[in-house]
Every structure is written in structure tokens, then in C-alpha cells.
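Below, chains carry the letters A, B, ... as their sequence lines are ordered, and counting in each starts from 1.
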Amino acid sequence: MNSVILTTTTRILLPILLLFSVYTLIRGHQEPGGGFVGGLVAGMAFALYTISNGVASARKIFPLSPTTFLIIGLTFALSSGLLSLFLGLPAFTGIWGTYEFPVIGYLSTPLVFDIGVYLVVFGVSSSIIFTLKLKE
Amino acid sequence: MEFLLAILIGGLFSAAIYMILRRSIIKLIIGLSFLAHAANLLIFTLGRVIRGKAPLIQEGSKHITETVADPLPQALILTAIVIGFGVTAFTIVLIQQVYQSVGVDDSDKLKASDQ
Amino acid sequence: MILENVILYFILPVLSISMLLIFIRVFKGPRLMDRVVALDLLVIVGIGSFSAYAILHNKEVFIDISLILALIAFLSTVAFTWYYVKGDIEKDKFDQR
Amino acid sequence: MITYFVIFFMVIGAVFILIASIGLLKMPDIYLRMSASTIAGTFGVASMLIAAAIHFFDLGIFLHVIGVIIFLILTVPIGAHLLARAAYIIHLPMWDKTMHDDLKGKYDNEKQGFKPLGKSAAKPKAKITDKQEN
Amino acid sequence: MKHLLENIFLAFIWLTLTMKFELTNFIFGFAAGFVILWFVNRKHPNEYRYIHFLPRLLSFLLLFLKEVVKGSIRIGYDIITPSHYMRPGIIAVPLDAKTDLEITLLANSITLTPGTTSIALSDDRAYLYVYNVYLDEDVQKSIDEIKNGLEKKLMEVLR
Amino acid sequence: MNAIVIAPIVFPLILGLITLTLWQNRKMQEIANVIGSAVMVLISILLMKMVLSDGILVTQAGNWPAPFGISIVADTFSAIMVVISSVMGLAIAIYSISSMKNGFVLSDMLQKRQQFGYYPLLNIMYMGINGAFLTGDLFNMYVWFEVLLISSFILLSLDGTKLQIEGTFKYVTINLLSSAFFLIGVGFLYSLTGTLNMADLAVKIPQVENQSMVTVISMFFLVSFGIKAAIFPLFFWLPSSYHTPPISISAIFAGMLTKVGVYSLIRVFTLIFITDVAYTHTIILWISALTMFVGVLGAASQYDMRRILSFHIISQIGYMIFGLALFTPLAIAGAVFYIMHHIIVKANLFLVAGLVKRVGGSYDIRKVGGLVNTYPFLAVMFLIPALSLAGIPPLSGFWSKFFVVKAALELQEYFLVFVALLVGLLTLYSMTKIWNEAFWKNNPEKIPAKELVAGLFSKQNIFMTIPIILLALITLSIGFNPEPFYQIADRAAHELMNPSIYINKVLGGAQ
Amino acid sequence: MLNIIFIGFLAAIAAPFIHKYLPKISGLLLTLVPLGIFVYLANMIAPVSKGEVLLLSYTWFPSMSVNINFVVDGLSLTFALIISGIGAIIVFYASGYLHGHKKLARFYGYLLFFMTSMLGVVMSDNILALFIFWELTSISSYLLIGFNHESERSRYAALQALLVTGGGGLALMAGLIIMGSVGGSYNISELLSQSSIIVGHSLYLPILILVLLGAFTKSAQFPFHFWLPNAMEAPTPVSAYLHSATMVKAGVFLLARLSPILSGTDVWHITLTVFGGITMLMGASMAIGQNDLKRILAYTTVSALGIMVFLIGLGGPYAITAAITFLVVHSMYKGGLFLVAGAIDHETGTRDIRILGGLKAHLPLIFLGAILAAFSYSGIPPFLGFVAKELIYETTAHFALHPIILTVVAVLTNMFLVATAIMVGVKPFFGKYLETPKHPHHAPLTLWLGPVLLGVLGLALGVVPSWISKGLISPSVDAIAQTEGIKLALWHGFTPILLLSLLTLAGGVGLYYLSDAIKRKQAFFDKLAAFGPEEGYKALLKGLVTFSSKQTNFFQNGYLRHYFYWILTTFMLLVLFTIYDKELYSFLKVDFSGIYFYEALLVIIMLLATYSAIRSKTVLSSVASVGVVGYGIALIFSFFSAPDLALTQFSIETLTVILLVLIVYKVPKFNDYSPVKNRRRDAVLSIAAGLTITLLVMLVLNMPAESSISSYFLENSYVKAHGRNVVNVILVDFRGLDTMGEITVLSLAAIGVYTLLRFRNGNKKSVEENMND
Ligand code: NA
Ligand code: NA
């Protein structure tokens, strides 16, 4: 869209929104939010950027294809679920670290799982947007 | 308030079914999305609604002692919403393909696969 | 207590009436653009209601919901105008829809 | 005391939002309706958010509210701008009492851009009547 | 910009020192930080911009706020009374603003003000077309109002 | 133990991810898929062995005690389903190698399909199918349903031909309706009982004060699962869509997908909704009769092999539901046995149809002919599943029919037995119609089929032939050695008819 | 015993390969299989004639008591000897008859497969095993009738035979299962002692009807007889073997086998006698109207089967002895005559008796076989046929009820049969030689050996009937009637029965000379046939296809809304009926309390939006309404303590609306397609549905809330899962598996969108051309 006003604003907004999405993801375990909402916000930010600035410009910022995000996300989620099997516990049993990091809290498989969810949701929404935009 | 929500669910359900029975493809899809809304709202309402008591454990306490909204239906609905989104996204693209193949917004033209 | 009453019996009803009015515009159109503008405003009113809600229930969660709402409103507008302008040749006919 | 501040800002916000909604219903053309709705987007919502900020009076929430306000400040005008621009591009009719139009004929269909004021433009398109649908 | 961050940093240090994570305390810390920064940098003209930036920003914000309130009341009045006083039209405002950021901020400020909406930027970026609900009899006067008002103040903040 | 129970769900996803990563590399996907499917067969057989030796296996996902977390439960019934689904998976994996490669003789378009997610979708669909079989949680079942549905949507529409798009559209919309009913039903049940775990539901439902409400809610499940199982009069999506995709997909759909609906019907109507059997199961009984009848009649006027077979699916679903409705141990065992038999046989018939199309040039039996002379081995490979489907003894289909009919006779449901037997005869009619047309009559095209393609065991066709032989051998072994298969079905029926076994295993006496 | 079955099936499978690798001697080699079995069985005559009954059991499917239990008694041995003996002859004959035929290999396979199945039928003691073999004979018969499958008539006849006998088979299955459960066993040897219980049981009549349906269809009794003449499309060896000597007798065998269990009631006797009587008379009279050798023989076979059923129906030692004797002799002469017919056809190229004549000189050995068979057939002493006919008359004449009617029917039938015997066995050989499509040469050994052997055997056994009487017929009668069998004798002295025999011969010759006149009335017969059962079969089949296509056009008519209409109506009916049946509505209570103004307004707005979505004429305005509803729901979520849901719903609704706008903006305008009537109908349905759901929701809400598993989550979310946001903890921990499935769905959706848009647009045309036909 040939609007300088729009493109300029979206460039400013993108990092803010991505930061916000990560924030939503991380605090999700304690406050409303989580991987879904975070991923959706990131996806929307990405959609906004792609629609305003075009696919080529978006590709520059996200070197990985959306499908890669998706695969990585699924792998994260799945392996976080399967880790407990190696400890003889049922699948998807939460395993918690002992050291509490600031902001993030304990490192844990549910966190990894949530990150997986985030990546998948982000990958999916951006993939759909990409596909649709490329069709233009 | 539950009464109103029950009415709303019924209304959505009615509208959904009426639209599902239309020949217009897009109305059919809208009807299905209303149906999904009705289902979500139904689960939500049946989980007993309560105002301003989100199932969040206050900082400092370990449990929730007061009456709060039932978290499980919320989790279920969230799952259903997200799944619904995936399916809807696919369906919407599918409609577009249907239009490419029949050219009009009329499900009565989709008879080839039954002949 | 007074704050609660003001919100419950003044602020929220006023906002609801606003929503109703806006919705009449959505319903009336006459053009698509009118509807979009109305929906945009609807979201804005939603943000307002959430501030009221945040105060009413003393939950800052609703402020976050507002933020997402704002993002949504923006995104919808961008997407909409993008495609609205794009259908160049047919745009007049298109607008009739 | 703080409560009254909160109530004040809330009421101001709500009233202006109501006014904007009435304006949306009442104004004769799309541009004027948009202009009316801007009140809600800025004055109305900002007042209400400020009320919330005052109510909580907590650093985290204050930053939150500031964040939302900044976000609104960044996005609301862009939305309005884009809509107005689109409305103009597709020749949505203006109120018949519109005084002045510097933009007339400045839109270039091919390049999808707006010519500057000085350069004379191609002939403006035929007038479009605001035919009501329904 | 560096100094703004510095200022905020100082405010946070203040917060940690006092161990009172409250809004008022932050504002106090910020103000104190500002004074300290002014004090430290007052002999270095190159580093002096930030110290001017804040008052200029405040001045711009005040003008902007005034415009917003004025526009809101004006349109609001128009809406709640039965008859229309509007005199709408589109004017071309010649721009001094050059960079993307400048143009964007200006256009957004204009749009945020009830009663005016920036519709389009000319391709050569020399004109901003603005929709104005209450045009003056003399169109030029309306143009000047924007140029000498919002644009001027904004340029002072940004440059 | 924990790993083996959940492996049938997790492993296909891993395989799906591997094939997804190999997105553009068709060859590698093929290899990975065949090896993976073989491993899956081993996993499922191991699961079956453990279930047979140790009884019902339960793992509580997340190590949260039932009924709070999600229980994954392998009883004999679900283990049977998992084994069959993995066998089907292997058969299709092999079949896909050639059906994809030189896809349909003249076109290489289908090669592309593999670069557009055929294998990942197939594997993830298995994840959904196995999930639906193994889950002990009603909402979790909904999730698995959605997984298998959306993958089936895409598989169905993968080539995007006009017919496929139309078929997919009907399939998708009707299934969405079904999902909504399912969800609403789950919502009601949760509200009434406060739980989602099926074992826990079985405990809580009899305690619900208003039992009539439970019966009403069971109707939601009947309709929802009924749509998925394609019972009368909810089956319409099936004949509209099953004949449109390439045959390997049709086969897996015909074999497995409708059985997921049947499985769920059997599961909930033996575990959860058993408080008003006289009402609910009588309704199911009459539905089953109509399903049998309408389905088989639908086939009589068709000439496309895939459509004939599709209509027969409906009819045979009727038989399985019939078994459920009779609700005696023998009838349930019969239904389970019927499912085992039908998945293998129906999928095989579709695969044979694919070969008929390849060597005969068409699915339309009027356009094909003389195959008994040109491809006698194919004729045998057709006759085995076809006669089995028609219930000719001692093939597997005969036993299936026998159990159900015997159970019905014991309950003195004579009219329904009449319908069932009549339907059997009409099935025989349909199968001989295909045989008469495609195999016996002279080739109407006068083009010697051999010029089109080489023999069944040529390099070109061997991968299509192997799975057909494999499945035919299974059919024969069920038919000629029914005892062990019946033992397993009977064991499954025993568990289904005595829900307390299931309940105790899942809740672990914690109730 | 089991090894016989095993060897038989193995030989059937191996036959095509044997023929493929040893084409010259395959016929001989394969003849050894039935011959070997015959010899093996013949060794059992001695013990059986002493009254021994061998029972052998092989466990197969114990859970269902379906076991391969064999019984070797007179009856089964007699049948088994016929099957294997004639089987050997047929295989040998076929090697000549079908010499050089390209499908001969397959033919051997089918034939041996049939033979083994048939042996299984007659030897089984377990009725379910019997049934399984029974069905296998139907299948092999189908394959054999359709052997010349290039011809449409063959395929038609094969299908007809299969459907008729298959249908009967299904009835039989039901009958046997009921009988088994009533009698408490599936073994005939055990059921024998339960006879009185079964006969006295209320289910006796259904059992009988079902079993008779099986037997009558298989043995071509009226009104199911029509498939047999059509089955003559099969190659002649098949007709000789299956459709005269063996398979069609399976029904007779079954009746004989079960008669100790089921007989003894009026309904048994009357049904069998009446249907047998009708069949025998009808078959014989219709035979005379035919010109095709094989069709004549087919109708006489129908008649002969009628006679056997008739006799079993009459019951008693005389009748049973007559039946068994007739069965044996019929197998020999009818098998022989079929082989003769085949040989004539093979040598001359025609089977039309009108153009056959004077073949005596050209085919002397065939003539020998023919004339021997015809004599036995006509009941001329000293052939075995005479013995059988005497026995029949003896039975009817001495029967307690209506002896005269019975005898008249028997005599009349036999007169017709004598006439046809002349038509088939005499007429083609005598008189002037008529030119035929092919000039007959001397028939090879393979073709003449069979008929001659059978003819000579008929003569020999007639002369010395005690050979067969003691060894086979008496034990058979023992097995059926459980009384001492009647000793067979050629000569009974000058009795009225002998007079009847002479009368029969004279009448037969007379009828033969009248046969041309009868044939001239053919048109009349044809008209009569139009009302016959075969026309009924045709009409039924046609009706089936018509009904099927009508039904499919009705149900599966391609209109998606129609499908939805059915589904939704079904749903509504089920739910409403249940509500009505259980009187659920009586629990309804309405509670208006606790409604906030703004919430009510929101609900009203949402309802308006839904209405607007229904009414709107443009796509995007309905999309806008969808948005309103979606956001409204998000608002409800946020009002009622579900912030996570609200966040998600808002985001997803936006993405959905954007997708809708992006994709469907080129959608054409809505049209109001449906007529007002339909819209009203749909409105009624949908409003009813909505009200029902509202009612149900209200009902459930009125019920006391159960304690739910959620309390566990609230209790343990922070303590055990370290999260304060319980909803999120449920999503990623308590129910992480759900979420795993959910993100999988999402990923698939992305793949789906990608595939639909990218794959399709790449290659639209070519795929379509190749995929759809
Ligand atoms: Na006014
Ligand atoms: Na403005």
C-alpha cells in the first residue's frame, strides 16, 4: 500500500507487538495469556507487516519459512511431552527445573510446550497470510 | 443471566440451522460458524457463569478459596475455538476453490460428485 | 461503592447504548465503508468498556484485552482498506455489496 | 478523592463515546461520520484509560495504560487515514454542502498515487450519486 | 534519545534505591533524574538537546490536547444539536516535514484531532491533503492554522 | 508400559514430522513412510500382545491421576482397532509407492501430490485415528476427531479437481455439523456430571438425578457419531465424496474412517449411555435396519466401482450398528468381528478397484471387461474380498454376518434378521455385478489391456499388488481360522459388556 | 475323511497349474482324484452295510460349535459315491469335450472345487459346516454356469442361479441356526434325539419354512425351478454333473438328512408332497415342449427332483426306498443322457432335436450309451429305472391318503418322462440322417466311455439290484427313516403296479407322437410363462434397479441442503421425541433474575446481528454480522470471568474475518433461491431447534451443579503445576494432550490452505482429465 504513513507506523509497531507477544507468552502461566494468544498476536503483527510492506519485505525479516516455524513448534511441543517417558513417567508429565529465573520462572517442560504452541500458532497464521498474499 | 444466555444460544442455534439450509454456500459456512459459536457458548453457560471471578490464583496464595469461574470449560472452549479456527481457515479457502469450479454462490450447482 | 454504581448504572449502560447506535449504523450501511467505520468504532467502544470493567472488577487483565482489541481494530482496518482499494476496476460495483 | 477523579474521567469518556456514536448515526456522509467517530477514538477512550490508570495508581498498570494509549495513538489515526483515503479513492460521495476540494482529480488510477497540488490533473470522474442500497 | 533512556534508567535506580515500586515514586525519580541530567549536561551544548526536548514536547502535547478538546467539543455540539454547522472540505497543506517519521507523526496528529483527517500524501511528499470539517471562509487560513500550529510545534520537538 | 500405550498416537506424529521435513523429497518420504509404517505395525502388535496378556492398559497423560488428566486406555477393542489401522497403514504405504508414481497411467500429476503433504497428512490422520481409539477422555476424543477430520479434508481435496472440491465441500460441511453436535453433547455431559473421563462418566451418569436428560444427550452423540459412521439417514456425505480422491485415499477412508464413527458409537453406547438401553438401543436397532437396507439398495443402480463400494460401506455399517443395538455379548463380539473383517476387505476392494482402473482403464464397470482372461490373478484377488463382503462362507464376511444374525435370532428379532439376510443377498448381487461386468464380459473398448500396462508383478504394478495380496491373505486367514479372531473379539465384547473392568482399570480404584 | 476334503481342494487349486505344465495328461491325472476318492469311499460300503455309522470330528471353530464333523452312513456314502464316481467320469469326459479349450485349466479347478464342496455337504454332520459347503457349491455352480462368460446369456443364467440358490441359502442359514439353538446342538447326530423337542417347539414352523426355502431353491422346486433350465448355458459336463446328478440333489439330500428331525408333521408331509407333486408334473410336461436336448433334460431333471421331494414328503420306508433308488438311478441315466447330449453337440454342432436324426451309424457308441440310459429312464425292465418306478407306484398306490390322486400324478409324470426319453435317447439316432452344422465323426473315447459306463451300470444294477440294495440303499433308508429298508427286486410278479408300468410306457409313446402338436401350442406355454416365477424374478430384479435408482435420486440427489435437511430433521425428531417421551419439559423453570442492562443489550445486539446475517443480501455485510457475533461472544467471555478466552476469541475472530474478507470478496451477490414455502419450512425447523436447545440448557441449569473435577485443578494448579493461571495450566499441563492435538490441527490447516491454493492452481486441467471418468 503506497502509504508512507502506514508503512512507517507498521515498522515502528512490529517490534513492539512482537515484544508484547513474547510477554504474553511468558507470563501466560501466571496471568491471562500464554502460547495461543502470544502466537496469535505475533501472527497478527506479522500479518500487519506483510499486508503493509509486502511479502518480499516480510521475507527479509523472517528468514525461516513459516512451515519451519510450524515444524519446530510441533517438535518442541512433542519432545517436551515425550521427555518424561525417558524418566519412566507417563508422557506429557511436567518436569521442572530447580532454579527460578527472573521473569521466566522455573524452566520446565510445560514452558517448552507453551513455546511450541506459540511457534505453531505463529507459523500457522503467518503461513496462511503468506499463502494468500503470494496468490495475489 | 443464564436465561438470557440460553436464549442467545437458542437464537444462534436457530440462525445456524436456518442458514445451513440455504442454498448460498457462504451462508452455509456462516451458519456453521454460528453453530460453533452456539456450541462454545453452550459449554460456557453450562459451566455456570459468574462475573469478575477469573480462575487466577492470587499472588501470595496457593489455592483459590473463593468461588471462581470453572476453568475447565474455559480450557475446553479455548481448544475448540482454536481448532475451529483451523478448520474455518481451511473451509474458507475451500469455498474459494468451489467458486472457481462453479462460479456462483449456489450449493445446488455442486451436484457433479453425486451423479 | 459509588464508583461501582456509577459504572454499573451509568457508564456501562451509556456504552451499551452507544454500541446499539453503532450497530444500527452497521445494520443500515448503506455502504460497506460505513459498516467498517462503524465496526471500527465498535471496537473503540469495546476498549472503553474494558477500562470500565478493569475498574469495576479491579482486574488489570482487561487492559491487556484492550490492547489486543486495539491491535485487532487496526489490523482489520488495514486489511480491509488494502483489499478495498485493490479491486480497482470493479470497486464501484464492489461497493454495492 | 481519587474516586471522583476516576468518575469524572469515566463520565467524560462515556459521554463523548455516546456523542461519537450519535454522530456516526447522524452525520450525512462517510467523511463526516469518520470525523465524528474520531472523538471516541481519542478523547473518549483516552479519558477512560486515564481513569483506569488513576484508579489503579500502580506503576505496572500505569505503564500498561500508557502502552495502550500509545498504541492507540499510533494506530487509530492510521486507521482513520486509511479509511478516508480508501473512501476518496473509490469516489464515495461527499456531502452536498462540502465547500472545497483540493484533491479533486489528483488520484492517479494507474500509479495508485496522488498527484501534488501544482500539477493539473486529468479530468475528474463523473459524479457518482449516493445511491442507497438495501 | 540517549538521554531519555538515561533519564528512565536513573528513575529506575531511584526506584531500586528506595525500594518503593510505586508510580509516584517513579515520577519523582524521573523528575529528579531530569534535574540531574540538566545539571550535568548544562555546559555541553551538543548534549543539550534532550533538556530542551522535554519542554518542547510538553508544549506540543499541550497544544495537541487543546486541539483535541476543542475539536471534540465542537463536533460534539454539532452532533447533539439538531442543525448542522459543518463546512467540510479538503485542503492541501504544503509540508515542511521531510522524513518518513516526521510526516507520519504530523499526519497522525492531524488525524487524531477531531475535525481534521489527513487523507493523502502527494507523491512528491510536498503536500498533505487534509479533510477539515470546519473550514474557514478563507481556506488559506485553515491551512495556516495547521502549518503554524501542529506542524511547527512538532518540528520543534523533532529537530 | 507408559510408552507403548501412547506410542500409536505419538509415533505417527513423529513420522508425520519426519515426512514433513522431507517435504520436497518424494523418494525419501516413500522410504521413511514404508519403514515407519512397518514399525507402527510392530508397535501395535506389541500393544495387542500386552493387552492380551495383562488386560486393559492405562497410562495417565501428564501423570495426573484419573479422572483429572487425560487417560489413554488400551482395552482389547481399541487394541484391535489400532492393530488394524496400522496394518492398513502399511498396506497403503506400499500401495502409495506405485499409485503415486505413475499415477493413473497417463499422468504424472500425482507425483506432485507427494510434494504437497500426502505422507505427512496420512500419518497425522493415523495419529488422529489412533488417538480416537485409545483415548479415555471424551473431549480428547473430540480433539482426535478433529485431527483426523482435517487431515482427511485435505487428503480428499489434494488434487483439487472439480469433483474432489465438490465432494470435499459436502464432506467438510456435514462433518462440521457433526463436530458441533459432539461438542454440545460433551458440554451437556460435563454440566451434568462434572467430568470428562469416560470411565468416570460411566460412574457418574447413573447418579444423575434426571436420567431422561441423559437419554436426550445420548441423542446428540448418536447423531454426531452417526454422521461420522454414515448411518441412515445421516450418510449422505459418504457417497458424495468417497469416490473422488485417488484410490489409495478412498481405500483408507472407506476402511478406517467410518469405523472411527462406529467405534465411538460402540464405545459410548456400551460404556456411558447404558442406563436406558430399552430406549436408546431400540432406536439404534431400527436405524441399523434402515442403514443396511438403504445402503445396499443405493449400490444397485451404480456403475462406478468406487460408488458401488461406497454405498456398500453404509450397508455394512448397518450390520455393525445392528450388533451394537442387539447388545448381547455375542452381538457385540459380532460387531467387533465385523469391523475387523470389514476394514480389511473394504479397503482391499478399493485397492483392487485401483488396479482395475489401472489395467482396465476405468472405474466404470461398463467400460471395462474381460479381466478374468487378461488378469486372472487379479480376478482371484477380487473374488476373495468380494465374496467375503457378500458373506460367502467360510470367508471372513460370513462369520461376521453369522454372529450378528445368530445374536439377532437369539433375541427373536426376526424381521431384522430378514432384512440383514436380504441385504446379504443384495450385496452378493452387487459383487457379482462388478464381476460380471468388469471380469466376465468382453472388453467393450477392444483395446487389449496389456498394451496399456504390464502385468501385476511387473516393476510398475508390483507395489499395488503386494498390499492386495497381503490383505487377501488376512481375509483368508480370518475366514479359515476364525477361532483366534473370534476369541479376541469375544474378549473385547466381554470387556465392553462389563464396563466395571474398564472403569476399575482406568480409575484404579480411586473412585 | 478330512484328507478327502483337503486333497480335493488342493487338487482344485493345483489343477490349473497341472494343466498348464502337463496339458496332455492333465485330464487323466485329474480323473484319478475323484476316482481315488471313489475307491477310498467304496471300501466303506462293507462296514456301512453292516449298519455301522462312522462319526469323525475335527475341531475348527469351537467357540461357535462349528466343527468339521463327518458322518459316514448309508445316505452320505451313497451320495458321496455318486459324487466321486460321476465326478471321475465327468472330469475324464471334460478332458475330451473341452479339448484344447483355452480355459480348460480353470474348468478343472472349478469342477474339482465343486466336487469337494459337494462331498463336504453330504458328509457333514455339523449343520453349519454343511451350510458352508452348501454355499461353496452355489459359488462353484455360479462360476461353472458362467464358464462361457463372453455370452450374456451365460452371465445372466449364472447370476440367476446364484441369486436363487444364494437367497435360499441365507434362509437355510437362519433356519439351521434356529434349529441349532432350539435343539441345543449343531450336530445332526445329536439333534436326532431332539426331534420331538424341535417339532414341538413354537419355532418349528419358521425352522421348517426356512430349511425348505433352502432345499427348494437348491433343488429347483416350484416356484424356484426356473433357474435350472437357464443353467444349461453351462458346458455340458457341468450340466451333467451339477445340474442333474449332484448339486441339485443337495436339496433332496438335505430333506432326507433332516427328515428324521423335522418330519412327522402334517405341514412337512403336505408341503413336500404338494410342492414335489407340482414340480414333478410341471417339469415333465414342460420338458416335452422343448427342442433343445439340454433344456429337455433340464426340465425332466426338475421333474425328477420333484419326484424325490414328493417321495420324501410321503415318507415311510417304501417312499424313502423309492426316493433313494430313484435318486441313484436318475443320477446314472440323467448324467449319461447329458453326456450324450454333450457328445452330440460336440460332434454335430447342434442340440436341436428337430434337425437331429440318424446318428446311430455315425456315433454308434454314443448311441449305445443313449439307448441304455433311455431304457432305464423309461422304466423298461430289466433296467434299474424299472425297479425305481415300480417302487414309486408301490408307494403311491398304498399310501393312506388320496392314493388315487397320488398315483395318477405319478403315472402322468412318468408318461411325460417316457416321451422325453424317446425324444432324447431315441429320436436323434433313428430315422433319416439330417445334415448338421458339423459333420459327426466317430466320437473319441473320452466322450463315449462315460455314457456307456453309466448305461451298463444301470442295466447291471437292474438285473442284480441286491448289489446296491444291501450295500447302499438299505443303510440309506436306515439313516433316514430309521426303519428296515425295503429289499429291492426286479420282479414282483404280475401286480397292478406292473400294469401301471406298462400303461406308463404306452402313454409315453403316445405322448411322444403328440409332442409335435404340443409344441405347436408353444405360444400358449410362452404366455403362461409370462406369469411364471421367472418373470417374477425378472420383475423383481428390474424393480430393484429401478427402485435403487429412484431411491438414490431421492436420498443422494446431490443437493447439499437436502442432506442437511435430513440430518437436522432426524436430529430434531430424535431429540424432540425423547423429550416428549420422557416428559422432560415438565422440569422447566425460568429465572429472570440477575440480568444486567448492558449484558441484556449485548445479547440483543448479538441476536440482531444474527438476524442481520440471515437477512443480508451482501456477502460482506453478513461477514460484518459474523464479526459482531464473534466479538459479542468475546465480550461475554470477558464479562463472565474468562479473560483468556476473551483474548483468544478476539484474536481469532479477527483473523477469521480478515480471512473471509481476503478470500470471499469476489463472491457474487446472494440470491434468494428458495421459494417462500421452503423458507417457512426451514424457519419452523430452525426455530424449533433453537427452542429445544434453549429448553435443554435451561433444564440442565436448573439441575444442581455437580462437583466437578475442576476443584482438583484449582487446588493443584499452583502447588503441583506451578502456575497461577489455571486455564493455561490446564491447557499446557493437565490436558496437554488436547493441546498437542489442537496445534496439530492448526498445522494441518496451514498445510491445507497451502495445498489447496498452490497445488491446484499449478495443474488444474490435466489432472482433471485423468482423474474423472
Ligand atoms: Na448540530
Ligand atoms: Na480527526
Side-chain angles (χ1 to χ4, degrees), chain B residues 1-4 6-15 17-21 23-24 26 30 33 37 41-42 45-46 48-57 62-64 69-72 74-75 77-79 81-83 85-86 88-90 92-93 96-97 104-105 107-108 110-111 114, chain G residues 556 558-561 564 568 591-592 594-595 600 603 607 610 613-614 619 622 626 633 640-643 645 648-649 652 656 659-660 663 667-668 670 673 682 686-687 689-691 693-694 697-698 700-701 705 710 713-715 718-719 724-727 730-731 738 742 745-746 749 752-753 756:
Chain B
M1 188 56 207
E2 281 93 346
F3 175 67
L4 262 187
I7 295 279
L8 179 59
I9 294 165
L12 280 172
F13 202 79
S14 286
I17 285 185
Y18 186 80
M19 292 182 86
I20 283 170
L21 292 170
R23 273 168 73 175
S24 159
I26 191 90
I30 292 174
S33 90
H37 283 323
L41 210 50
L42 181 135
T45 309
L46 289 181
R48 304 298 193 279
V49 291
I50 181 169
R51 290 188 190 83
K53 296 273 184 348
L56 296 166
I57 297 169
K62 289 189 167 177
H63 317 283
I64 295 181
D70 190 343
L72 184 57
Q74 295 191 13
I77 296 168
L78 206 147
T79 308
I81 292 174
V82 177
I83 287 178
F85 169 68
T88 310
F90 176 77
I92 291 172
V93 177
Q96 192 217 21
Q97 301 293 307
V104 284
D105 179 49
S107 70
D108 278 13
L110 303 178
K111 284 181 73 183
D114 271 314
Chain G
Q556 200 67 37
Y559 296 116
L560 185 55
R561 65 198 153 85
F564 276 116
L568 293 169
D591 178 16
F592 287 100
I595 298 176
V603 169
L607 287 173
T610 7
I614 291 174
V619 175
S622 27
V626 172
I633 286 177
F640 295 103
S641 326
L645 272 185
T648 314
Q649 173 73 20
I652 280 198
T656 311
L659 273 182
L660 270 173
I663 290 279
V667 170
F670 291 147
Y673 297 109
D682 296 349
S686 48
I687 289 170
L691 288 177
I693 289 290
T694 304
V697 171
M698 293 305 297
V700 173
L701 286 173
S710 286
F713 302 138
L714 296 173
E715 191 67 27
Y718 187 69
V719 184
R724 300 183 181 281
N725 180 0
V726 184
V727 175
I730 293 176
L731 284 171
D738 276 350
E742 176 189 349
V745 170
L746 267 189
V753 169
L756 264 184

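- Both the backbone and the side chain of B/Thr45 come within less than 4.5 Å of a heavy atom of chain G.
- With a 4.5 angstrom heavy-atom cutoff, B/Thr79 touches chain G via backbone and side-chain atoms both.
- Nearest heavy-atom pair across G/Phe640 and B/Ala69 is O-CB, 4.5 Å.
- To the nearest 0.5 Å, atom CG of residue G/Leu756 and atom CD1 of residue B/Ile92 are 12.5 Å apart.
- Pairing each heavy atom of G/Val700 with each of B/Arg48, the nearest pair is O-NH2, 3.5 Å.
- G/Ser641 and B/Arg51 make their closest contact through OG-C, 3.4 Å (heavy atoms, listed as atom of the first residue, atom of the second, distance).
- If you take CG on G/Leu645 and CD1 on B/Ile77, they are separated by 5.5 Å, rounding to the nearest 0.5 Å.
- Taking 4.5 Å as the limit, every side-chain heavy atom of B/Ile9 sits out of range of all side-chain heavy atoms of G/Thr694.
- In this structure the side chain of B/Leu12 reaches within 4.5 angstrom of the side chain of G/Ile633, judged on heavy atoms.
- Contacts of G/Phe564 with chain B are made by both backbone and side-chain atoms, with heavy-atom separations under 4.5 Å.
- Interface residue G/Leu568: only side-chain heavy atoms are found under 4.5 Å from chain B.
- Closest heavy-atom contact between B/Ala54 and G/Pro643: CB-CD, 3.6 Å.
- Of all non-hydrogen atoms in B/Ile57 and G/Leu714, the two that sit nearest each other are CD1-O, 4.1 Å.
- With a 4.5 Å cut-off on side-chain heavy atoms, G/Leu560 and B/Arg23 do not count as touching.
- Scanning both residues, G/Leu731 and B/Ala75, for their nearest heavy atoms gives CD2-O, 3.8 Å.
- Chosen from B/Ile64, B/Val49, B/Leu41, B/Val82, the residue pairing most often with chain G at heavy-atom distances under 4.5 Å is B/Val82.
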key: Pair B/Ser33-G/Val626, side-chain contact (heavy atoms from CB on, under 4.5 Å): steps then yes or no   = CA-CA 8 Å; B/Ser33 90; G/Val626 172; 4.1 Å; yes
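- Both the backbone and the side chain of B/Leu21 come within contact range of chain G, each with at least one heavy atom under 4.5 Å from a heavy atom of that chain.
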request  = Determine, step by step, whether G/Met698 and B/Phe3 satisfy the side-chain contact (heavy atoms from CB on, under 4.5 Å) criterion, reporting the C-alpha distance in whole Å, the side-chain angles of both residues, the deciding distance to 0.1 Å, and the verdict.
outcome  = CA-CA 7 Å; G/Met698 293 305 297; B/Phe3 175 67; 3.6 Å; yes
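- Here G/Ile652 contributes atom CD1 and B/Ile83 contributes atom CD1; the two are 10.5 Å apart, rounded to the nearest 0.5 Å.
- Interface remark: B/Leu42 contributes side-chain atoms only to the contact with chain G (heavy atom separation under 4.5 Å).
- Here G/Leu659 contributes atom CG and B/Phe85 contributes atom CZ; the two are 5.5 Å apart, rounded to the nearest 0.5 Å.
- Contact annotation: the side chain of B/Glu2 never approaches that of G/Val697 to less than 4.5 Å [non-hydrogen atoms, C-beta and beyond].
- How far CG of B/Asp70 is from OG of G/Ser710: 3.0 Å, rounded to the nearest 0.5 Å.
- With rounding to the nearest 0.5 angstrom, the OG atom of B/Ser14 is 8.0 Å from the CD1 atom of G/Ile614.
- With a 4.5 Å cut-off on side-chain heavy atoms, B/Phe90 and G/Val745 do not count as touching.
- Residues G/Val726 and B/Leu56 have side chains not in contact (no heavy-atom distance under 4.5 Å, counting atoms from C-beta outward).
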